[in-house]
Q: 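Below you will find the structure I want to go over with you.
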Protein chains: 2
Amino acid sequence: MKKRLFTPGPTPVPEEVMLRMAAPIIHHRNPEFMEILARVHENLRYLFQTTQPVVALSCSGTGGMEAAVSSLFGEGDKVITVNAGKFGERWTELVQLYTGSSTEETLPWGSAITPERLKQLLKEHPDAKGICLTHSETSTGTASDIKTLSAVIREHSEALVLVDGITAIGAHEFHFDDWGIDICITGSQKGLMMPPGLALVAISERAQERINEPARKPSNYYLSLKKALESHAGDDTPFTPAVSLVIGLDEALTMIRSEGIEHVWKRHESLAAACRAGCIALGMKIFSSSPSFAVTPVWLPEGADWTEFNDALKHDNGITVAAGQDAFKGKIFRISHLGYYDELDMLTVIGAIERAMKAIGLPLTPGTGVTAVQKAFLGK
Amino acid sequence: MKKRLFTPGPTPVPEEVMLRMAAPIIHHRNPEFMEILARVHENLRYLFQTTQPVVALSCSGTGGMEAAVSSLFGEGDKVITVNAGKFGERWTELVQLYTGSSTEETLPWGSAITPERLKQLLKEHPDAKGICLTHSETSTGTASDIKTLSAVIREHSEALVLVDGITAIGAHEFHFDDWGIDICITGSQKGLMMPPGLALVAISERAQERINEPARKPSNYYLSLKKALESHAGDDTPFTPAVSLVIGLDEALTMIRSEGIEHVWKRHESLAAACRAGCIALGMKIFSSSPSFAVTPVWLPEGADWTEFNDALKHDNGITVAAGQDAFKGKIFRISHLGYYDELDMLTVIGAIERAMKAIGLPLTPGTGVTAVQKAFLGK
């Protein structure tokens, strides 16, 4: 059976990228590799829309978040975190580990922080050294308005703006420099259409100054942004990088650059809209108040059992979607369209959902979902 | 021109491994991947000769060393490090970072610590909580007698035995359980014939107890052996692993298991002996007093200029060897035979060295080196 992945990481890897990675390995101090790394660095700046360095660490996205927190903050620093899902919670855990505490704003799953509430938080905590936000919260498929939130922070506070862009970069419009972001992280296995194993971290001038303060004691060795920045200046890495993944990333970034980042963002917005339209036409409800363009969170069809529904998708149709997490396991599911997806893929996944609904005996008029998808793309 | 890599990491990757990694990506919570990870865990136990867990972290070997130090030791713990090269020095830097100081034994490059000196150190520091050793010091191509050193430690001390096995595992005989080792680390791009990106860490029962002491405060998030062990118990990982690399590792470990680990060790011993014989026959001197089976360190031929010699190897013959490091840059070079190498490869590298010597005008009787290689394998 053909297998098709609709999960928010790993996401499908294009054959061009696979083939590049299957070439014989080269040495990372070889001029050939350093030339590749220089091009990767240049194309990462394009991806994040920045003139500042974007470093590639050989670790998962979480490693990138930890590198940021541990390189910027220390014992006693006040850092605000916004927790509206599993990955907001991860910011809190990291901040607690490295500063000894955290100022956490918790919100219901599926919601996003408003600019008004953020402004209030900034007033309550004028001494905050940093604020950790999540652009697209993968666990709930919910997007935050990072542009507005960052503007509010820059207007009312000196705090650094840290953005988990792990499932947002390449799906949502993003301008690192223009929006005044200080740190943004993504992972290779997300919008970058790559296998997992690399974290990419963009670092503003303000953040670089903080990282390089002479008094700052390092709290990390491998995940040090200071070391990564020093090496980045010479298009190098402080430790042996995941060579084959960097080479694959070169190919993936070239594909993104040739499509054009504005087109990549628009494609994701339109895939997400069609996916939601298909689900709604099939009688399902969207879980989030502000659904992400990377992953669509949906309440299970009324009367459906998750295991039965998922089995029908996976075993009869070869389709892997993502389950709900924690309290929403068995209640919601998540359809990813992050990375290497096109309009026909949306027809595939909604078509498979129709087939699964039919198989487990839910009420259905076949064609309802896929028609909605077609209309979303082609008009009425 | 055909390109051939003789560097101690990255090392050549077999086509079978490349092909496995080029297959479509699968999700890491998929039963198919968890089955692969279970087999990888089982074969890693075979590789390290242990019944204890060996965890796979998505990072370089240095990340594995940091995970060990940060998960086992804390502020004020006395830990002895032995520094006879770049990677011994790395132990010292990591121990200083996490304990605030280090008890460092420095030795000249190219030498290894003797059991007698180690015994003396243990008497001077009866309160040592750990001792960090390097099995094969890559920067100097020097092997330590880990079996004897570990026996000395276990007889005279309660200190945990930490071994950097990064270029030793798969090249030197190693018995984690029988030799009483507590931590041993290797990297995927070494004896495992893989691209870089994974660190593998074997953890003894004593080390597991230390890691899980309730009073132990975590000093790391991503590189936590505690989290890795918890997930390992269910053949899982705490963070998204480098899926394609784990799948490649499955293939590489299957190849090692089918060759038989004892045969793999003997092959490396015999490749190293032939490589040394070829260099000596060409009038070169071996740098180390105890040369590694993974990488042979050689003084440059008398009268040779490193850049000229290396250019002749690389540009005229497609051969990449490793330069000397730090004070020995331009004085020694290193020929790796770690991982996917056979007897004919030794003929290739020594043959290329003859060609390079000829090209830069060094005295040479063509055939001297390769004859010595042939005799090393085939007898007089």
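Residue numbers start from 1 in every chain, and the chains themselves are labelled A, B, ... in the order their sequence lines are given, proteins ahead of strands.
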Q: Is any side-chain heavy atom of B:K3 closer than 4.5 Å to a side-chain heavy atom of A:I26?
A: no
Q: Quick check on B:P218 against chain A: is it the side chain, the backbone, both or neither that has a heavy atom closer than 4.5 Å?
A: both
Q: Which region of A:A23, side chain (C-beta onward) or backbone (N, CA, C, O), has a non-hydrogen atom less than 4.5 Å from a non-hydrogen atom of chain B, or is it both or neither?
A: backbone
Q: Donor-acceptor pair, distance only, cut-off 3.5 Å: does the side chain of B:Y222 make one with the backbone of A:E66?
A: no
Q: For B:Q96, which atoms come within 4.5 Å of any heavy atom of chain A: side chain, backbone, both, or neither?
A: neither
Q: Would you call B:S244 and A:L245 a side-chain contact if the rule is heavy atoms closer than 4.5 Å?
A: yes
Q: Which bit of B:T11 is near chain A, if near means a heavy-atom gap under 4.5 Å: side chain, backbone, both or neither?
A: backbone
Q: Does any heavy atom of chain A fall under 4.5 Å from the side chain of B:P10, the backbone, both, or neither of them?
A: both
Q: Are B:P196 and A:I25 side-chain neighbours, meaning at least one heavy-atom pair lies under 4.5 Å?
A: yes
Q: Within this structure, what is the OG1-NE2 distance for the pair A:T320 and B:H27, rounded to the nearest 0.5 Å?
A: 8.5 Å
Q: Less than 4.5 Å to any heavy atom of chain B: does that hold for the side chain of A:S188, its backbone, both, or neither?
A: neither
Q: At a heavy-atom separation under 4.5 Å, does B:A67 approach chain A through its side chain, its backbone, both, or neither?
A: neither
Q: If we only count heavy atoms from C-beta on, is the A:F239 to B:R90 side-chain gap below 4.5 Å?
A: yes
Q: Evaluate the side-chain proximity of A:T240 to B:Q189: yes if any heavy-atom separation is below 4.5 Å, no if none is.
A: yes
Q: When you look at CD of B:E16, are more than 12 heavy atoms from neighbouring residues, nucleotides or ligands closer to it than 6.0 Å?
A: yes
Q: Measuring only between side-chain heavy atoms, which start at C-beta, is B:Y98 closer than 4.5 Å to A:N220?
A: yes
